[in-house]
Amino acid sequence: MFTRSKSLFTVMILVVMLSMLVTACGGNSGGSGSAASGGTAAETSGKETAASDSKETASDGGTRTYKTEKGDVEIPVKPQRIVTDYYGGELLSVGAPVVGAEPSIFQNPFLKDKLNGVEDVGYPINTEKALSLKPDLIVVMYDDNYEALSKIAPTIYIPYGTATNVDDTVRLFGDIAGEKEKAEEFIKAFDEKAAAAREKLKGVVDENATFGIYELTDKGELWTFGDNAGRGGQVLYNALQLKRPAKNSKENQTLQLSMELLPEYAADYMFLTTYDPEKKGDKLKELKASPVWNSLAAAKNDRIYYNDFDTFYRYDPIAIMGQIDLFVDMILEHSGKK
């Protein structure tokens, strides 16, 4: 009986070993078939890496659904590497980890000390460059290559003008970046700075005085702006709560002026930037020589301020906060109070 049991035990061992061998072969066959149907080995490896990266992101804080004009997008709760076109300053205002942005951000004087590690991704965003930065979130103002970018990382399309003031802008991007507390901290600091600036101007500026923002182009065109088109509008009309020219209603965010119309839109204090990329200076020279320009009350009272385009064009929250001091200093200096 012992001999029969031993023989039976031996047979069972052989059967188990044979089953394991067949299973192993079947597994190898399935793996080969998957590689053939799913692409090259490199592609398969890339997909596995992407899946691994996705799991890592989820483990860092998970994902959530964000609603956009393009539909719902699953984004990281706490993004670690963000690529953007024109929202670099907005994201940096809430401490978001920006790793790539469009070229002009590097000429923004208010962001120079915040761009370490940020790379130029071109505009429209170069997809190969964006891919090399391994973003876990892409945020764009323009949807030129939205579909291509969406294949690299979750992509949020936030059209220009979605938020129209500092508070809304900071809260919007604080939400996107998972930094709501930092957003509130920025708003608090901004409000305190604005309040202090208004105090400095008390007794210096007549409460009925008007303030206007203008821009001259390299083609000789003259424009005026409201509170939400850059050039310091957020500072003058919102932070400092100064009055705009009566003719320039809140709806006129950008309005082209002829020299004949200019006197109707002139202000007691006028701030002019000049878009002159080739630095020719000829159009500004012509404007300063114009009889209409020199007949304005602001010109006669030495209250026209000629400002640097790159400094005052900016409209991200960090730039706006920095511009508060610049405007206040200009006004105080011309009033002899500084």
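Computed from a prediction, not measured in an experiment: that's the story for all the values here. One-based numbering along the sequence shown.
Interatomic distance, CD of Q80 versus CG of L137, reported as 11.0 Å (0.5 Å rounding). Separation of atoms CG (L201) and CD (E207) is listed at 13.5 Å; rounding is to 0.5 Å. If you take CD on E74 and OG1 on T65, they are separated by 4.0 Å, rounding to the nearest 0.5 Å. Atoms NZ and OG1, on K283 and T274 in that order, are 12.5 Å from each other to the nearest 0.5 Å. A distance of 11.0 Å separates CG of N307 from CD of E215, quoted to the nearest 0.5 Å. Of the inter-residue distances, the one linking I176 atom CD1 with I82 atom CD1 reads 8.5 Å to the nearest 0.5 angstrom.
E90 places a side-chain heavy atom less than 4.5 Å from the side chain of P317. Counting heavy atoms from C-beta outward, V94 and V170 have side chains that approach closer than 4.5 Å. Taking the side chain as every heavy atom from C-beta outward, N301 and D268 never approach each other to under 4.5 Å.
Partners of D167 by side chain to side chain contact (heavy atoms under 4.5 Å, CB included), not counting sequence neighbours, listed by chain and number: N165, R171, I187, D191. Under the side chain to side chain contact (heavy atoms under 4.5 Å, CB included) criterion, Q256 pairs with E221, W223, sequence neighbours left out. Residues forming a side chain to side chain donor-acceptor pair (under 3.5 Å) with E199 (at least two apart in sequence, or on another chain): K202. Every residue meeting the side chain to side chain contact (heavy atoms under 4.5 Å, CB included) condition with Q241, not counting sequence neighbours, appears here in chain and number order: R198. Looking at residues two or more places apart in sequence or on another chain, you find no side chain to side chain donor-acceptor pair (under 3.5 Å) involving E185. Scored by the side chain to side chain contact (heavy atoms under 4.5 Å, CB included) test, S132 finds K129 as partners (sequence neighbours excluded). Residues forming a side chain to side chain donor-acceptor pair (under 3.5 Å) with K243 (at least two apart in sequence, or on another chain): N208. In this structure D175 satisfies the side chain to side chain donor-acceptor pair (under 3.5 Å) test together with R64, sequence neighbours excluded. Annotation: ring pair (Phe, Tyr, Trp, His ring centres under 6.0 Å) contacts of F271 (sequence neighbours excluded): Y305, F327.
The existence of a salt bridge linking K180 and E184 is excluded, since no basic side-chain nitrogen approaches an acidic carboxylate oxygen closer than 4.0 Å.
Between the side chain of N145 and the main chain of I125, a donor-acceptor pair closer than 3.5 Å is present. A distance-only check finds no donor-acceptor pair linking the side chain of D168 to the backbone of A163 [under 3.5 Å]. A distance-only check finds no donor-acceptor pair linking the side chain of D85 to the backbone of E102 [under 3.5 Å]. Remark: the backbone N or O of T311 is paired with a side-chain donor or acceptor of Q323 at under 3.5 angstrom. When atom types are taken as modelled, the side chain of Q234 and the backbone of T164 share a donor-acceptor pair closer than 3.5 angstrom.
Residues in residues 165-201 take part in these ring-ring contact (aromatic ring centres under 6.0 Å, His included) pairs, two or more places apart or across chains: Y87-F173. Here ring-ring contact (aromatic ring centres under 6.0 Å, His included) pairs that include residues 92-148, with residues two or more places apart or in two chains, are Y86-Y123, Y86-Y142.
For CD of E278, the number of neighbouring non-hydrogen atoms (other residues, nucleotides, ligands) closer than 6.0 Å is 12 at most.
If you chain together hydrophobic residues whose side chains sit under 4.5 Å apart, F309 and I213 fall into the same group.
The only option from I152, I138, V121 that meets the side chain to side chain contact (heavy atoms under 4.5 Å, CB included) definition with L133 turns out to be V121.
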Please assess N238 against I320 for the test side chain to side chain contact (heavy atoms under 4.5 Å, CB included), listing each intermediate value before the final yes or no.
CA-CA 10 Å; N238 297 340; I320 294 169; over 6 Å; no
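Residues Y214, L216, L222, L255, L257, M259, L262, Y265, M270, L272, L287, V292, W293, L296, I304, Y306 make up the rest of the hydrophobic cluster containing L284, defined by ILVMFWY side-chain heavy atoms closer than 4.5 Å, directly or through other members.
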